[in-house]
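All remarks here apply to the structure that follows.
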Amino acid sequence: MKIDILTLFPSFFDILNDYGVIGRSLAEGRLDLRVHQIRDYAHDRHQQVDDTVFGGAAGMLMKPDVLAEAIEDVSGDDGHVIFLSPQGSVLTQDKARQLTEYDHLVLLCGHYEGVDARITRHFVDEEISIGDYVLTGGELPAMVLLDTLVRWVDGVLGNPESAKTDSHAEGLLQYDEYTKPRDFRGYTVPEVLLNGNHGAIAEWRLNNAIEKTKERRPDLYARWREEHQE
């Protein structure tokens, strides 16, 4: 999978080379990640990437000519362009899984007060938000998006079942998990997990996930119930 990132702060992403499954997928060649400096597409001697807002408003906007040239240069014929924006649809596990169906993603990280509307309307395929709040730039959201979608790229996780049992993967929070010791300060591992009965374990895990979701995220539980009504 190929991912191009357009940003004013390329060094922000250097950490990804040594970060968990992303770093491993880069080293193994499963992920082709390239980071581009947006200023390189500005042709004036000051490499200006922003300007004042027509009609008057606070702050500055990123210029459409610079961004359009950057997007066109890195996206080619197959790039699916995503603008990380608080105005976008909220990122979900399902959305991350859907995005891995693209061979080539282009992530545009905005700054200042945003970008010229002609970019979002004519040069961007979709806008994605990581939550209903505003950040100073799109770099953190881009890293969040990367971290969640790379788990769905074939071969990235040692055990492909890991992604399938993550919270939200099936509409529920993940069931409780335990490791050694069996007895920790009087808190013991549920007996059903120790008897080797895989059918009983699967049933316990499902019921645990349902009750956990009902308690902690009643909104998710209500949606899950609606989807699973016969």
Side-chain angles (χ1 to χ4, degrees), residues 1-7 12-36 71 74-109 124-133 135 138-177 179 201-202 205-206 208-210 212-213 216-217 219-221 223-224 226-228:
M1 184 179 196
K2 180 180 178 182
I3 298 179
D4 285 286
I5 299 177
L6 291 166
T7 174
F12 197 97
F13 297 91
D14 289 349
I15 190 176
L16 295 180
N17 292 307
D18 302 310
Y19 178 69
V21 295
I22 297 180
R24 188 166 65 247
S25 63
L26 289 171
E28 295 173 350
R30 300 183 187 279
L31 182 65
D32 179 7
L33 179 65
R34 305 180 187 189
V35 183
H36 310 267
I71 291 170
V74 304
S75 63
D77 297 326
D78 62 346
H80 182 75
V81 183
I82 298 170
F83 176 46
L84 285 308
S85 163
Q87 298 184 33
S89 57
V90 177
L91 177 63
T92 65
Q93 191 84 312
D94 282 342
K95 168 54 72 173
R97 184 163 37 186
Q98 292 168 17
L99 290 176
T100 61
E101 297 175 5
Y102 293 97
D103 294 325
H104 183 194
L105 296 177
V106 177
L107 308 184
L108 174 60
C109 304
V124 167
D125 294 306
E126 65 177 309
E127 297 181 53
I128 291 180
S129 167
I130 62 168
D132 294 333
Y133 46 86
L135 299 173
E139 285 74 20
L140 285 172
M143 292 181 75
V144 170
L145 176 59
L146 269 174
D147 200 15
T148 188
L149 73 83
V150 75
R151 296 174 60 80
W152 294 100
V153 175
D154 288 342
V156 166
L157 296 181
N159 183 350
E161 292 299 312
S162 295
K164 296 178 182 179
T165 59
D166 283 343
S167 290
H168 305 288
E170 301 297 335
L172 295 170
L173 299 183
Q174 188 177 25
Y175 49 77
D176 290 342
E177 294 186 297
T179 187
I201 290 173
R205 285 175 170 170
L206 175 60
N208 180 264
I210 292 172
K212 192 174 180 180
T213 306
R216 299 186 184 182
R217 289 291 304 274
D219 56 325
L220 290 180
Y221 174 73
R223 189 185 313 158
W224 181 85
E226 184 176 342
E227 292 174 351
H228 288 77

Quick one: does [X]'s side chain get under 4.5 Å of [Y]'s, heavy atoms only?
X	Y	value
Val35	Leu16	no
His228	Ile210	no
Arg216	Tyr221	no
Gln98	Lys95	yes
Leu33	Leu146	yes
Asn208	Arg205	no

Any idea which heavy atoms bring [X] and [Y] closest together, and the distance?
X	Y	value
Val150	Ser25	CG2-OG, 3.8 Å
Ser75	Val81	CB-CG2, 4.2 Å
Ala96	Thr148	CB-CG2, 3.7 Å

To the nearest 0.5 Å, how far apart are [atom1] in [X] and [atom2] in [Y]?
X	Y	atom1	atom2	result
Leu91	Ile82	CG	CD1	9.0 Å
Asp94	Leu99	CG	CG	11.0 Å
Leu107	Met143	CG	CE	12.0 Å
Arg223	Leu172	CZ	CG	11.0 Å
Leu105	Leu108	CG	CG	13.0 Å

For [X], which residues count as a side-chain contact (heavy atoms from CB on, under 4.5 Å) partner, sequence neighbours excluded?
X	answer
Leu135	Ile130, Tyr133, Leu140, Pro141
Ser85	Phe83, Gln87, Glu127
Arg34	Lys2, Asp4, Asp32, His36

Handout entry: Which residues share a salt bridge (Lys or Arg N to Asp or Glu O under 4.0 Å) with Asp219, sequence neighbours left out
Key =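 By the salt bridge (Lys or Arg N to Asp or Glu O under 4.0 Å) rule, Asp219 matches Arg217.
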Problem - Partners meeting salt bridge (Lys or Arg N to Asp or Glu O under 4.0 Å) with Asp176 (sequence neighbours left out) - result: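 Expected list: Lys212.
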Please enumerate all residues that pass side chain to side chain donor-acceptor pair (under 3.5 Å) together with [X], with sequence neighbours excluded.
X	result
Asp125	none
Thr7	Glu139
Ser129	none

Problem - Residue Leu206 excluded, over 12 heavy atoms near CG under 6.0 Å - result: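 Atom CG in Leu206 is crowded, with more than 12 foreign heavy atoms closer than 6.0 Å.
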Problem - Heavy-atom donor-acceptor pair, Thr213 side chain to Leu173 backbone, under 3.5 Å - result: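 Yes, because the side chain of Thr213 sits within donor-acceptor range (under 3.5 Å) of the backbone of Leu173.
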Practice task
Give a yes or no on whether the backbone of Asp14 and the side-chain of Asn17 come within a donor-acceptor separation of less than 3.5 Å.
Solution key: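 Checked: pair present.
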Practice task
Under the ring pair (Phe, Tyr, Trp, His ring centres under 6.0 Å) rule, collect the residues that match up with Tyr102, sequence neighbours excluded.
Solution key: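 Here the qualifying residues are His80.
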Practice task
Can you run down the ring-ring contact (aromatic ring centres under 6.0 Å, His included) pairs that involve residues 12-32, sequence neighbours left out, and say none if there aren't any?
Solution key: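 Every candidate ring-ring contact (aromatic ring centres under 6.0 Å, His included) pair involving residues 12-32 fails, so no pair, neighbours aside, qualifies.
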